[in-house]
J.: 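Have a look at this one before I ask anything.
A, B, ... follow the sequence lines: proteins, then strands. Residue 1 opens every chain.
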Amino acid sequence: MRILLIHSDYLKYKTKQKTKIAEDIEDMKKSGEFENALVVFTAVEKEDEQNTGEIVENAVSEIINVSGQVKPDNIIIYPYAHLSSSLGSPQLAKKILENMEFELKDNGFNAFRIPFGWYKSFEISCKGHPLSELSRTITAKPGEEEKAEEEPSKWHVLSKGELHDPNNFKFESKDLKKLTDYELGKLESTGEEPPHVKLMREKSLADYEPSADAGHLRWYPKGRLVRDLLSDYVYNLVTEYGAMPVETPIMYDLADEAIRTHADKFGERQYRMGTKKELMLRFACCFGAFRMLSDSFLTWKNLPVGVYELSTYSFRLEKRGEVVGLKRLRGFTMPDFHSVCADIPQSLEEFDKQIDMCMQTGKDLNINYEAIFRSTADFYEENKEWVHSAAEKIGKPILLEILPKRKHYWIAKMDFAAIDYLGRPIENPTIQIDVESAERFDITYINEKEEEEYPIIIHCSPTGSIERVIGSLLEKTAIEMNEKPPMFPTWLSPIQVRVIPIAERHMDFAISLAEELRASNIRVDVDERHETVGKKIRNSATEWVPYTIVIGDKELESDKFTVNIRETQEKALMNKEEIINRISNEVKGMPFRPLPLPLKLSKRVNF
RNA sequence: GCCCUAGUGGCUUAGCUGGUAGAGCGAUGCCUUGGUAAGGCAUAGAUCGGGGGUUCGAAUCCCCCCUGGGGCUCCA
């Protein structure tokens with residue numbers, strides 16, 4: 001509930017015209033005038049409907065509090081819808097306002113309620129003292145009993161078809177142990193900053209943009225390249241799986257009932273725009289995908305069918321203190337894949353394939369995932385065998401959460417998490433079986449009996465957000481720092497080969513070598529600055545360049561080059577073909593994009 | 001959002017209880033044309049996060065705000 005309190009010399013009002021939701025009133029209530037009045041403009045909001053008693057109580061106590069300070073003769077409850085962008089239903093709103101009036105009278109105040117649902121003219125004279133204009137947001141604190149009643153989830157470790165108590169399980173995987181501790185709230189924090197935050201800036205990938213909102217990043221050319229490569233990777237993966245890439249708007253009109261209901265599930269964590277139309281920014285691709293699917297004609301022959309979109313961007317108004325680095329953003333890019341399945345059995349088949357797809361990304365990106373399977377108790381009981389076989393696909397113990405009752409739109413989901421340097425999970429891929437949205441968005445298909453039916457929808461993000469993938473890769477370099485030099489895999493390295501000419505006379509040769517490598521789809525650059533070889537080698541290393549080639553007199557004479565290999569820290573003698581073959585082999589099957597930077601380092605901008 | 005903590009050239013930072021900012025890296029210029037993780041010299045670059053206050057005088061003390069980090073809570 002939103003209220004605006006005006007302490008006025010007088011308030012005059014007159015009803016003019018009825019609206020559809022107008023209450024019936026006696027003639028004497030059609031106009032009125034009140035002196036020394038505390039006018040409480042009030043908007044009842046959607047969320048107030050959960051707990052009307054508490055809302056009335058809190059609103060009244062706030063009004064009494066203010067009136068104790070300004071000492072008005074009258075308190076006027078004035079229904080004023082324009083204070084909120086998320087109004088509750090008129091019937092309930094009226095009821096709440098009536099109760100407020102009653103409570104105030106009961107407390108001995110001269111309270112009066114202005115008629116609801118009429119167009120009214122009014123005139124108010126604000127006193128203008130410091131407390132004469134106040135606004136308040138009234139919320140119902142969640143009742144203690146209500147919280148206590150909610151049954152907690154049951155946690156297990158599922159290993160080789162058997163359930164174990166997480167508190168006594170002998171963990172072989174440190175990562176699963178950490179994930180379990182985190183989920184059960186047992187993880188102790190060291191209070192450090194995750195190392196990827198520093199790395200993303202140091203490597204000129206991304207940085208905070210203080211002129212935007214918190215949690216929105218600027219991406220420098222190298223970072224943009226890495227994002228694009230990962231996007232290409234997911235695109236190739238899901239299209240191979242059969243998904244159809246689409247693109248949908250990033251904002252939606254909350255006047256649409258289905259959009260509004262789906263959006264309201266997200267609560268305060270969304271961006272809303274106070275434009276003429278009440279718009280929200282999407283927090284996932286669901287809105288566009290569902291609207292597209294509900295407008296398309298589906299038959300059982302089409303199913304299962306999937307649409308895929310890379311959400312550049314999704315927006316979530318995460319709480320201020322939760323926004324950190326690449327791990328949790330307010331604007332992020334999420335591969336979002338929705339597949340429509342005829343029924344539960346078909347959705348389980350799809351789920352299995354999507355587990356394979358998520359596992360594949362772990363392999364391709366070389367990120368270790370630990371898995372959590374979550375489902376309602378009902379779903380688990382009915383599909384125990386399938387759950388266990390799905391868990392088997394992970395090939396190691398997983399965490400299992402059984403929720404006593406369904407509280408979200410999904411009945412079963414699997415989340416995959418990477419573990420960061422500080423031992424905390426970064427939630428990456430996810431698969432969810434959604435049993436609510438088809439009906440809400442009126443997505444139907446024609447079954448074999450020619451009847452219209454609601455399908456099951458699976459949400460899947462095979463990698464999780466692109467930013468989190470980059471974050472996980474950076475965290476991994478920090479974790480492995482002592483075992484090997486930090487770097488990206490070659491296919492993701494913004495610069496794959498650096499050519500270093502020793503003196504001026506080696507320049508032409510170096511450039512032509514670079515151009516030949518570039519022609520073989522290798523991202524190569526030339527450090528032709530007037531610096532010592534030692535310094536250029538060092539620079540190349542701090543930029544994590546996998547291959548560095550020094551060109552001097554010897555190289556002009558022979559066809560062999562001395563190549564510094566970052567991964568093994570070896571110096572190898574290779575000819576041009578060997579270099580090209582080695583790199584092509586290393587990046588095989590992975591996307592390629594050309595170097596989006598000047599070939600010559602002297603031309604390069606320092607971000 | 002709440003609690004704790006921090007903010008000094010592009011980056012890393014020195015600056016004790018108030019006296020008007022010092023360095024390294026980087027950048028630019030000159031010298032060096034060199035063989036595998038920092039060559040030498042010089043120059044430029046700072047409204048000390050912003051606003052207000054206390055004071056003869058504030059990077060330093062006080063208040064408000066912004067931004068970063070950590071914690072709580074939360075991630076349908």
Side-chain angles (χ1 to χ4, degrees), chain A residues 137 139 142 147 182-183 185 187-195 197-198 201-204 207-216 220 261-270 283-284 286 314 316-325 327-330 332 334 374 403 406-410 413 415 417 422 424-428 430 432 434 436-437 459 464-465 468 485 498 500-507 527-543 545 548-556 561-566 569-572 602 604-607:
Chain A
T137 302
T139 54
K147 264 215 160 154
Y182 182 86
E183 288 294 333
L187 193 79
E188 281 172 33
S189 163
T190 56
E192 288 171 84
E193 172 184 75
V197 180
K198 205 175 166 192
R201 302 209 256 188
E202 217 172 85
K203 303 301 160 200
S204 292
D207 205 343
Y208 296 113
E209 175 51 75
S211 297
D213 190 15
H216 294 265
Y220 300 116
T261 315
H262 195 76
D264 281 347
K265 295 218 144 201
F266 216 61
E268 290 180 359
R269 304 204 304 127
Q270 55 191 295
F283 45 80
C286 305
S314 285
R316 299 186 186 186
L317 197 56
E318 303 289 5
K319 289 181 194 161
R320 194 62 188 74
E322 305 170 334
V323 174
V324 64
K327 218 174 149 178
R328 189 171 305 182
L329 292 161
R330 284 183 172 174
F332 60 96
M334 175 110 124
R374 309 176 203 259
L403 295 87
R406 176 158 79 88
K407 55 175 182 180
H408 311 303
Y409 60 71
W410 50 266
K413 72 186 289 203
D415 295 324
L422 301 172
R424 297 176 299 198
I426 306 179
E427 282 177 26
N428 279 346
T430 180
Q432 307 164 354
D434 175 352
E436 234 178 62
S437 298
H459 305 240
S465 88
R468 281 185 175 174
R498 170 153 301 164
I500 299 178
I502 292 174
E504 200 85 34
R505 64 178 178 281
H506 310 119
M507 192 73 77
D527 189 350
E528 27 67 279
R529 295 172 305 171
H530 284 204
E531 295 293 348
T532 57
V533 174
K535 186 158 182 173
K536 292 191 207 178
I537 293 275
R538 183 187 146 83
N539 262 316
S540 180
T542 53
E543 283 187 67
V545 177
T548 305
I549 304 172
V550 179
I551 302 292
D553 290 338
K554 271 187 277 173
E555 284 73 16
L556 294 186
F561 303 102
T562 319
V563 183
N564 288 34
I565 303 169
R566 178 168 178 78
Q569 301 204 275
E570 288 171 324
K571 283 196 270 283
S602 64
R604 202 157 292 174
V605 177
N606 271 311
F607 288 106

J.: Starting the side chain at C-beta, find the nucleotide from B:G69, B:A76, B:G39 nearest to A:Ala284.
T.: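 The closest nucleotide is B:A76.
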
J.: Which nucleotide wins on minimum distance to the side chain of A:Pro194, given the candidates B:G69, B:A76, B:G35?
T.: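 Comparing B:G69, B:A76, B:G35 against the side chain of A:Pro194, the answer is B:G69.
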
J.: Give the nucleotide from the list B:A37, B:C74, B:A76 with an atom nearest to the side chain of A:Arg538.
T.: B:A37

J.: Which is true for A:Asp553 with a 4.0 Å heavy-atom rule: it touches a base, it touches only sugar-phosphate, or it touches nothing?
T.: base

J.: Among the candidates B:A76, B:G35, B:A38, find the nucleotide nearest to the side-chain atoms of A:Thr562.
T.: B:G35

J.: Can you tell which of B:C75, B:G34, B:A76 lies closest to the side chain of A:His408?
T.: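 The closest nucleotide is B:A76.
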
J.: Among B:A37, B:G34, B:A76, which nucleotide has an atom closest to any side-chain atom of A:Ala541?
T.: B:A37

J.: Classify the nucleic acid contact of A:Thr542 as base, sugar-phosphate or nothing, counting any heavy atom under 4.0 Å across all strands shown.
T.: nothing

J.: What is the separation between atom CD on A:Glu543 and atom P on B:G26, rounded to the nearest whole Å?
T.: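 Taking CD of A:Glu543 and P of B:G26, I get 13 Å after rounding.
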
J.: Name the pairing partner of B:G24, where a pair is Watson-Crick or G-U wobble with both distances under 3.5 Å, or state none.
T.: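 Paired with B:G24, as far as the under-3.5 Å criterion goes, is B:C11.
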
J.: Taking the minimum atom-to-atom distance to the side chain of A:Arg328, which one of B:G69, B:C74, B:G35 wins?
T.: B:C74

J.: With the side chain of A:Arg505 defined as its heavy atoms from C-beta on, choose the nearest nucleotide among B:A76, B:U33, B:A37.
T.: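 Looking only at heavy atoms from C-beta outward on A:Arg505, the closest nucleotide is B:U33.
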
J.: Should A:Lys327 be listed as having a side-chain N or O under 4.0 Å from OP1 or OP2 of B:C75?
T.: no

J.: At their closest point, which heavy atom of A:Ala572 faces which heavy atom of A:Ile565, and how far apart are they?
T.: CB-CD1, 3.8 Å

J.: Check this for me: does the side-chain of A:Glu555 come within 3.5 Å of the base of B:G35 through a donor and an acceptor?
T.: yes

J.: Would you classify A:Tyr182 as touching base, sugar-phosphate or nothing, given that sugar-phosphate means primed atoms plus P, OP1 and OP2, and contacts are heavy atoms under 4.0 Å?
T.: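 The answer is base, as A:Tyr182 lies within the cut-off (heavy atoms under 4.0 Å) of a base atom.
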
J.: Give me the distance, rounded to whole Å, that separates B:G1 from B:C75 when you measure between the C1' atoms they each carry.
T.: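 The answer is 15 Å between these two C1' atoms.
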
J.: Which part of the nucleic acid, if any, lies within reach of A:Lys554 when heavy atoms closer than 4.0 Å are counted: base, sugar-phosphate only, or nothing?
T.: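 If one applies the 4.0 Å heavy-atom cut-off, A:Lys554 turns out to touch a base.
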
J.: Name the nucleic acid region contacted by A:Gly325, choosing base, sugar-phosphate or nothing; use a 4.0 angstrom heavy-atom cut-off, strictly under.
T.: sugar-phosphate

J.: What interatomic distance, in whole Å, is found between C1' of B:U67 and the corresponding atom of B:G29?
T.: 36 Å

J.: Just the rounded figure in Å: distance from C1' of B:G70 to CD of A:Glu322.
T.: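 Rounding to the nearest Å, CD of A:Glu322 and C1' of B:G70 are 13 Å apart.
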
J.: What nucleotide, of B:G69, B:A76, B:G35, holds the atom closest to the side chain of A:Val324?
T.: B:G69

J.: From the list B:A37, B:G35, B:A76, which nucleotide is the closest neighbour of the side chain of A:Tyr409?
T.: B:A76

J.: Any base atoms under 4.0 Å from A:Lys319, or only sugar-phosphate, or nothing? Heavy atoms, all strands.
T.: base

J.: Please tell me if the side chains of A:Asp527 and A:Ser540 come closer than 4.5 Å, counting only heavy atoms from C-beta onward.
T.: no

